[in-house]
Amino acid sequence: MKIKDNRVRYFIYAAFFMLFVYLGYKVPYCLDEWKWGLPQRVELMKRGFSGYNGRYLGNILALLITRSEVAKTLVISVCMVLIVWLMEMSVRRKTFSEKDKSDPILLLSLILLLLAVPASLYGQSYGWPAAFVNYEVPVPLFLVYFIWTDELYRNKVEKYSWFQTLAVIPLGICVQLFSENITIIVVAYAVWMMIYTGVRYRKIYLIEVNYLWSAILGAVVMFSNSAYSSAAVHNGKTYKSIDMSAGVLLQRFVVRIWTNLVLNNWVLTVILAVLLTALILKKKNKVLQQQRCWSFSGATVCTVFFTEFVQSGHLMEIRRWTEGLWHFFPCCFL
(Lines give C-alpha, C1' and ligand atoms only; values in the text may rest on other atoms or scores of the structure.)
Protein backbone atom coordinates (compact mmCIF):
# COMPACT_ATOMS: atom_id res chain seq x y z
CA MET A 1 0.00 0.00 0.00
CA LYS A 2 2.84 2.40 0.84
CA ILE A 3 4.50 1.82 -2.55
CA LYS A 4 1.18 2.30 -4.29
CA ASP A 5 0.46 5.53 -2.42
CA ASN A 6 3.93 6.85 -3.13
CA ARG A 7 3.40 6.16 -6.81
CA VAL A 8 0.19 8.17 -6.62
CA ARG A 9 2.07 11.03 -4.98
CA TYR A 10 4.81 10.89 -7.62
CA PHE A 11 2.15 10.98 -10.32
CA ILE A 12 0.51 14.02 -8.66
CA TYR A 13 3.86 15.82 -8.49
CA ALA A 14 4.54 14.98 -12.14
CA ALA A 15 1.10 16.25 -13.19
CA PHE A 16 1.55 19.44 -11.14
CA PHE A 17 4.99 19.98 -12.68
CA MET A 18 3.65 19.50 -16.21
CA LEU A 19 0.79 21.91 -15.49
CA PHE A 20 3.25 24.67 -14.64
CA VAL A 21 5.53 23.69 -17.49
CA TYR A 22 2.57 24.37 -19.74
CA LEU A 23 1.65 27.60 -17.94
CA GLY A 24 5.26 28.76 -17.85
CA TYR A 25 5.74 28.10 -21.55
CA LYS A 26 2.44 29.62 -22.68
CA VAL A 27 2.43 32.75 -20.51
CA PRO A 28 3.44 35.64 -22.77
CA TYR A 29 5.96 38.34 -22.05
CA CYS A 30 4.10 41.49 -21.04
CA LEU A 31 4.27 44.71 -19.04
CA ASP A 32 7.80 45.37 -17.77
CA GLU A 33 9.17 42.14 -19.28
CA TRP A 34 9.54 44.02 -22.57
CA LYS A 35 11.86 46.45 -20.81
CA TRP A 36 13.83 43.63 -19.16
CA GLY A 37 14.49 42.22 -22.60
CA LEU A 38 16.21 45.43 -23.79
CA PRO A 39 20.01 45.90 -23.85
CA GLN A 40 19.59 48.86 -21.47
CA ARG A 41 18.66 46.45 -18.67
CA VAL A 42 21.95 44.60 -19.14
CA GLU A 43 23.76 47.92 -18.84
CA LEU A 44 21.74 48.59 -15.68
CA MET A 45 22.96 45.27 -14.26
CA LYS A 46 26.56 46.24 -15.04
CA ARG A 47 26.02 49.37 -12.94
CA GLY A 48 24.80 47.21 -10.05
CA PHE A 49 21.17 48.31 -10.53
CA SER A 50 22.18 51.58 -8.90
CA GLY A 51 19.22 53.89 -8.41
CA TYR A 52 16.76 51.23 -9.62
CA ASN A 53 16.09 48.89 -6.67
CA GLY A 54 17.80 46.38 -4.39
CA ARG A 55 16.12 43.26 -5.79
CA TYR A 56 19.45 42.10 -7.15
CA LEU A 57 18.76 38.37 -7.52
CA GLY A 58 15.21 38.98 -8.74
CA ASN A 59 16.52 41.42 -11.35
CA ILE A 60 19.11 38.94 -12.57
CA LEU A 61 16.46 36.24 -12.92
CA ALA A 62 14.22 38.71 -14.76
CA LEU A 63 17.05 39.29 -17.24
CA LEU A 64 17.46 35.54 -17.64
CA ILE A 65 13.81 34.58 -18.17
CA THR A 66 13.20 37.37 -20.69
CA ARG A 67 16.01 35.99 -22.86
CA SER A 68 15.12 32.30 -22.72
CA GLU A 69 11.73 30.58 -22.96
CA VAL A 70 13.31 27.46 -21.46
CA ALA A 71 14.62 29.40 -18.46
CA LYS A 72 11.23 31.04 -17.92
CA THR A 73 9.45 27.69 -18.06
CA LEU A 74 11.88 25.93 -15.72
CA VAL A 75 12.01 28.73 -13.14
CA ILE A 76 8.21 28.81 -12.83
CA SER A 77 7.61 25.04 -12.84
CA VAL A 78 10.54 24.00 -10.61
CA CYS A 79 9.83 26.77 -8.09
CA MET A 80 6.17 25.77 -7.74
CA VAL A 81 7.05 22.11 -7.23
CA LEU A 82 9.61 23.08 -4.58
CA ILE A 83 7.05 25.20 -2.75
CA VAL A 84 4.50 22.37 -2.66
CA TRP A 85 7.13 19.78 -1.66
CA LEU A 86 8.48 21.92 1.19
CA MET A 87 4.97 22.72 2.43
CA GLU A 88 4.06 19.04 2.38
CA MET A 89 7.27 18.11 4.17
CA SER A 90 6.62 20.67 6.87
CA VAL A 91 3.08 19.48 7.59
CA ARG A 92 3.86 15.76 7.41
CA ARG A 93 6.78 15.99 9.81
CA LYS A 94 4.62 17.16 12.69
CA THR A 95 1.11 15.88 12.05
CA PHE A 96 1.29 12.49 10.37
CA SER A 97 2.23 9.08 11.70
CA GLU A 98 4.67 6.93 9.77
CA LYS A 99 1.91 4.84 8.20
CA ASP A 100 0.15 7.96 6.90
CA LYS A 101 3.17 9.74 5.44
CA SER A 102 2.48 8.39 1.95
CA ASP A 103 -1.18 9.46 1.97
CA PRO A 104 -1.71 11.71 -1.10
CA ILE A 105 -4.69 13.62 0.36
CA LEU A 106 -2.50 16.27 1.97
CA LEU A 107 -0.60 16.84 -1.25
CA LEU A 108 -3.83 17.27 -3.20
CA SER A 109 -5.14 19.69 -0.57
CA LEU A 110 -2.02 21.87 -0.79
CA ILE A 111 -2.19 21.97 -4.57
CA LEU A 112 -5.91 22.82 -4.45
CA LEU A 113 -5.25 25.74 -2.10
CA LEU A 114 -2.47 27.07 -4.33
CA LEU A 115 -4.67 26.81 -7.41
CA ALA A 116 -7.73 28.31 -5.70
CA VAL A 117 -6.30 31.83 -5.69
CA PRO A 118 -8.31 34.50 -7.54
CA ALA A 119 -7.72 35.12 -11.23
CA SER A 120 -6.20 38.52 -10.43
CA LEU A 121 -3.48 36.81 -8.41
CA TYR A 122 -2.78 34.43 -11.28
CA GLY A 123 -2.16 37.48 -13.42
CA GLN A 124 0.20 38.98 -10.85
CA SER A 125 2.17 35.82 -10.10
CA TYR A 126 1.92 32.73 -12.32
CA GLY A 127 0.97 34.85 -15.34
CA TRP A 128 3.60 37.57 -14.83
CA PRO A 129 7.10 36.04 -15.03
CA ALA A 130 8.94 39.23 -13.99
CA ALA A 131 6.80 39.40 -10.83
CA PHE A 132 7.05 35.65 -10.25
CA VAL A 133 10.84 35.74 -9.87
CA ASN A 134 10.55 38.40 -7.16
CA TYR A 135 7.57 37.11 -5.18
CA GLU A 136 7.59 33.31 -5.58
CA VAL A 137 11.25 32.31 -5.91
CA PRO A 138 12.25 33.49 -2.39
CA VAL A 139 9.46 31.44 -0.80
CA PRO A 140 11.27 28.06 -0.93
CA LEU A 141 14.44 29.75 0.34
CA PHE A 142 12.58 30.85 3.47
CA LEU A 143 10.70 27.56 3.85
CA VAL A 144 13.97 25.67 4.20
CA TYR A 145 14.87 27.61 7.35
CA PHE A 146 11.30 27.39 8.61
CA ILE A 147 11.28 23.60 8.26
CA TRP A 148 14.65 23.20 9.94
CA THR A 149 13.56 25.20 12.99
CA ASP A 150 9.82 24.60 13.32
CA GLU A 151 10.46 21.64 15.65
CA LEU A 152 11.40 24.26 18.26
CA TYR A 153 7.73 25.19 18.54
CA ARG A 154 7.09 21.74 20.03
CA ASN A 155 10.28 20.43 21.55
CA LYS A 156 13.75 21.51 22.52
CA VAL A 157 16.34 20.49 19.94
CA GLU A 158 19.67 19.34 21.31
CA LYS A 159 21.72 20.62 18.40
CA TYR A 160 21.68 21.27 14.67
CA SER A 161 24.11 19.80 12.17
CA TRP A 162 27.00 21.91 10.96
CA PHE A 163 25.56 21.72 7.46
CA GLN A 164 22.29 23.32 8.58
CA THR A 165 24.07 25.86 10.75
CA LEU A 166 26.26 27.04 7.88
CA ALA A 167 23.73 26.60 5.05
CA VAL A 168 21.40 29.20 6.55
CA ILE A 169 24.00 31.91 5.89
CA PRO A 170 23.70 31.92 2.07
CA LEU A 171 19.98 31.23 2.44
CA GLY A 172 19.55 34.21 4.74
CA ILE A 173 21.41 36.53 2.39
CA CYS A 174 19.85 35.34 -0.86
CA VAL A 175 16.23 35.40 0.33
CA GLN A 176 16.61 39.12 1.09
CA LEU A 177 17.44 40.16 -2.47
CA PHE A 178 14.06 39.65 -4.15
CA SER A 179 11.29 41.75 -2.63
CA GLU A 180 11.23 44.47 0.02
CA ASN A 181 8.26 43.12 1.99
CA ILE A 182 9.81 39.64 2.18
CA THR A 183 13.09 41.19 3.31
CA ILE A 184 11.39 42.89 6.26
CA ILE A 185 9.33 39.82 7.19
CA VAL A 186 12.36 37.52 7.16
CA VAL A 187 14.31 39.78 9.54
CA ALA A 188 11.29 40.01 11.84
CA TYR A 189 10.88 36.22 11.84
CA ALA A 190 14.58 35.67 12.57
CA VAL A 191 14.34 38.02 15.57
CA TRP A 192 11.13 36.32 16.72
CA MET A 193 12.72 32.86 16.68
CA MET A 194 15.61 34.01 18.86
CA ILE A 195 13.24 35.64 21.34
CA TYR A 196 10.99 32.57 21.39
CA THR A 197 13.71 30.00 22.06
CA GLY A 198 15.48 32.34 24.46
CA VAL A 199 12.35 32.72 26.58
CA ARG A 200 11.06 29.15 26.34
CA TYR A 201 14.29 27.13 26.45
CA ARG A 202 16.72 29.71 27.86
CA LYS A 203 18.86 28.93 24.85
CA ILE A 204 19.71 30.59 21.55
CA TYR A 205 20.94 28.29 18.80
CA LEU A 206 23.85 29.10 16.50
CA ILE A 207 21.62 28.39 13.48
CA GLU A 208 19.34 31.23 14.64
CA VAL A 209 22.23 33.62 15.13
CA ASN A 210 23.64 32.83 11.69
CA TYR A 211 20.28 33.29 10.02
CA LEU A 212 19.63 36.59 11.79
CA TRP A 213 22.94 38.25 10.96
CA SER A 214 22.84 36.95 7.37
CA ALA A 215 19.26 38.21 6.97
CA ILE A 216 20.26 41.61 8.35
CA LEU A 217 23.27 41.67 6.00
CA GLY A 218 21.00 40.87 3.06
CA ALA A 219 18.59 43.61 4.12
CA VAL A 220 21.46 46.11 4.35
CA VAL A 221 22.63 45.11 0.86
CA MET A 222 19.13 45.62 -0.52
CA PHE A 223 18.25 48.91 1.16
CA SER A 224 21.68 50.44 0.61
CA ASN A 225 20.64 50.94 -3.01
CA SER A 226 20.21 54.65 -3.64
CA ALA A 227 16.68 54.07 -5.00
CA TYR A 228 15.31 53.81 -1.45
CA SER A 229 16.90 56.99 -0.11
CA SER A 230 15.48 58.77 -3.15
CA ALA A 231 12.04 57.25 -2.52
CA ALA A 232 12.13 58.39 1.10
CA VAL A 233 12.93 61.95 0.04
CA HIS A 234 9.98 62.06 -2.36
CA ASN A 235 7.72 60.97 0.55
CA GLY A 236 4.77 59.54 -1.37
CA LYS A 237 4.85 61.92 -4.33
CA THR A 238 6.16 59.49 -6.96
CA TYR A 239 5.64 55.88 -8.04
CA LYS A 240 8.74 54.80 -6.14
CA SER A 241 8.11 56.42 -2.78
CA ILE A 242 8.08 55.70 0.93
CA ASP A 243 5.39 57.22 3.14
CA MET A 244 5.26 55.95 6.73
CA SER A 245 2.45 58.18 8.03
CA ALA A 246 -0.18 56.29 10.05
CA GLY A 247 -3.07 57.40 7.84
CA VAL A 248 -1.39 56.25 4.64
CA LEU A 249 -0.39 52.90 6.17
CA LEU A 250 -3.96 52.24 7.39
CA GLN A 251 -5.43 53.27 4.05
CA ARG A 252 -3.09 50.97 2.14
CA PHE A 253 -3.77 48.11 4.51
CA VAL A 254 -7.55 48.38 4.22
CA VAL A 255 -7.88 49.30 0.55
CA ARG A 256 -5.03 47.31 -0.98
CA ILE A 257 -3.65 44.58 1.26
CA TRP A 258 -6.83 43.37 2.94
CA THR A 259 -8.91 43.73 -0.20
CA ASN A 260 -6.59 41.43 -2.12
CA LEU A 261 -5.87 39.11 0.81
CA VAL A 262 -9.46 38.53 1.95
CA LEU A 263 -12.14 40.03 -0.27
CA ASN A 264 -10.68 38.75 -3.53
CA ASN A 265 -9.72 35.49 -1.88
CA TRP A 266 -13.05 34.53 -0.36
CA VAL A 267 -12.89 30.83 -1.28
CA LEU A 268 -9.76 30.35 0.81
CA THR A 269 -11.28 32.56 3.51
CA VAL A 270 -14.23 30.19 3.84
CA ILE A 271 -11.94 27.15 3.98
CA LEU A 272 -9.77 28.83 6.62
CA ALA A 273 -12.82 29.81 8.68
CA VAL A 274 -14.08 26.22 8.68
CA LEU A 275 -10.71 24.87 9.79
CA LEU A 276 -10.31 27.51 12.51
CA THR A 277 -13.84 26.87 13.77
CA ALA A 278 -13.06 23.16 14.04
CA LEU A 279 -9.96 23.96 16.09
CA ILE A 280 -11.84 26.42 18.30
CA LEU A 281 -14.56 23.86 19.09
CA LYS A 282 -11.91 21.58 20.57
CA LYS A 283 -11.29 24.08 23.38
CA LYS A 284 -13.04 23.51 26.70
CA ASN A 285 -13.94 27.14 27.42
CA LYS A 286 -17.53 27.44 26.13
CA VAL A 287 -17.74 31.24 26.37
CA LEU A 288 -14.48 31.60 24.47
CA GLN A 289 -15.75 29.10 21.92
CA GLN A 290 -18.87 31.17 21.26
CA GLN A 291 -16.94 34.44 20.99
CA ARG A 292 -14.43 33.07 18.53
CA CYS A 293 -16.97 31.16 16.44
CA TRP A 294 -19.17 34.25 16.10
CA SER A 295 -16.16 36.35 15.16
CA PHE A 296 -14.87 34.03 12.47
CA SER A 297 -18.26 33.08 11.08
CA GLY A 298 -19.40 36.71 11.05
CA ALA A 299 -16.24 37.83 9.27
CA THR A 300 -16.59 35.06 6.72
CA VAL A 301 -20.27 35.74 5.95
CA CYS A 302 -19.52 39.45 5.67
CA THR A 303 -16.64 38.74 3.28
CA VAL A 304 -18.68 36.51 0.98
CA PHE A 305 -21.69 38.86 0.99
CA PHE A 306 -19.67 41.96 0.14
CA THR A 307 -17.61 40.11 -2.46
CA GLU A 308 -20.62 38.76 -4.31
CA PHE A 309 -23.13 41.62 -4.03
CA VAL A 310 -21.17 44.85 -3.56
CA GLN A 311 -18.98 45.55 -6.56
CA SER A 312 -19.05 49.28 -7.34
CA GLY A 313 -19.96 52.80 -6.28
CA HIS A 314 -19.86 54.27 -2.78
CA LEU A 315 -20.76 50.91 -1.29
CA MET A 316 -17.49 49.55 -2.68
CA GLU A 317 -15.49 51.95 -0.52
CA ILE A 318 -17.67 51.13 2.49
CA ARG A 319 -17.13 47.45 1.74
CA ARG A 320 -13.35 47.84 1.80
CA TRP A 321 -13.20 49.75 5.06
CA THR A 322 -15.80 47.56 6.76
CA GLU A 323 -13.99 44.40 5.77
CA GLY A 324 -10.58 45.70 6.69
CA LEU A 325 -11.64 46.86 10.15
CA TRP A 326 -13.99 43.93 10.80
CA HIS A 327 -11.24 41.40 10.29
CA PHE A 328 -9.24 42.89 13.12
CA PHE A 329 -11.80 41.56 15.60
CA PRO A 330 -11.14 37.83 15.03
CA CYS A 331 -7.46 38.50 15.67
CA CYS A 332 -8.33 39.81 19.12
CA PHE A 333 -9.81 36.43 20.08
CA LEU A 334 -6.87 34.27 18.93
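- Panel note: side chain Asn134, backbone Ala130; a donor-acceptor pair is recorded below 3.5 Å.
- Atom CG of residue Leu177 and atom CG of residue Leu61 lie 11.0 Å apart, to the nearest 0.5 angstrom.
- Side-chain contact of Asn53 with Asn59: a donor-acceptor pair under 3.5 Å is present, judged by distance alone.
- A donor-acceptor pair under 3.5 Å is absent between the side-chain atoms of Ser50 and the main chain of Arg47, judged by distance alone.
- Within the 3.5 Å criterion, the main-chain N or O of Phe20 finds no donor-acceptor partner in the side chain of Tyr126.
- Tyr25 has its side chain out of reach of Ile76: every pair of non-hydrogen atoms, C-beta onward, lies at least 4.5 Å apart.
- Between Leu152 and Arg200, the shortest heavy-atom contact is O-NH1, 3.7 Å.
- Atoms CE and CD1, on Met222 and Ile184 in that order, are 9.0 Å from each other to the nearest 0.5 Å.
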- Message: For Arg55 and Glu180: C-alpha separation, side-chain torsions, deciding distance, then whether salt bridge (charged side-chain N to carboxylate O under 4.0 Å, His left out) applies.
- Response: CA-CA 8 Å; Arg55 302 177 178 184; Glu180 294 82 3; 2.7 Å; yes
- Message: Checking Tyr189 against Phe146 for the side chain to side chain contact (heavy atoms under 4.5 Å, CB included) test, could you report, in this order, the C-alpha distance in whole Å, the side-chain angles of both residues, the deciding distance, and whether it holds?
- Response: CA-CA 9 Å; Tyr189 185 80; Phe146 177 82; 3.2 Å; yes
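- The two residues Pro129 and Pro28 have their closest heavy-atom pair at CD-O, 4.3 Å.
- The minimum heavy-atom distance between Arg9 and Leu107, with the atom names listed, is O-CD2, 3.8 Å.
- Nearest approach of Gly172 to Ser214, heavy atoms of both residues: CA-OG, 3.5 Å.
- Side-chain atoms of Thr66 come within 3.5 Å of backbone atoms of Leu63 as a donor-acceptor pair (strictly under, hydrogens ignored).
- For the residue pair Thr197 / Glu208, a side-chain donor-acceptor distance below 3.5 Å is found, with atom types taken as modelled.
- For the pair Asp150 and Ser90, the minimum side-chain heavy-atom distance is below 4.5 Å.
- Using modelled atom types, one finds no donor on one side chain facing an acceptor on the other under 3.5 Å when comparing Tyr135 with Asn181.
- When each of Leu171, Thr165, Val157 is paired with Trp148, the side chain to side chain contact (heavy atoms under 4.5 Å, CB included) condition holds for Leu171 and for no other.
- Atom CG of residue Leu86 and atom CZ of residue Phe142 lie 11.5 Å apart, to the nearest 0.5 angstrom.
- Leu115 contributes atom CG, which lies 5.5 Å from atom CZ of Phe16 (distance to the nearest 0.5 angstrom).
- In this structure, the side chain of Tyr29 does not engage the main chain of Trp36 through any donor-acceptor pair within 3.5 Å.
- Remark: the Gln164 side chain and the Tyr145 side chain contain no N/O donor-acceptor pair separated by less than 3.5 Å.
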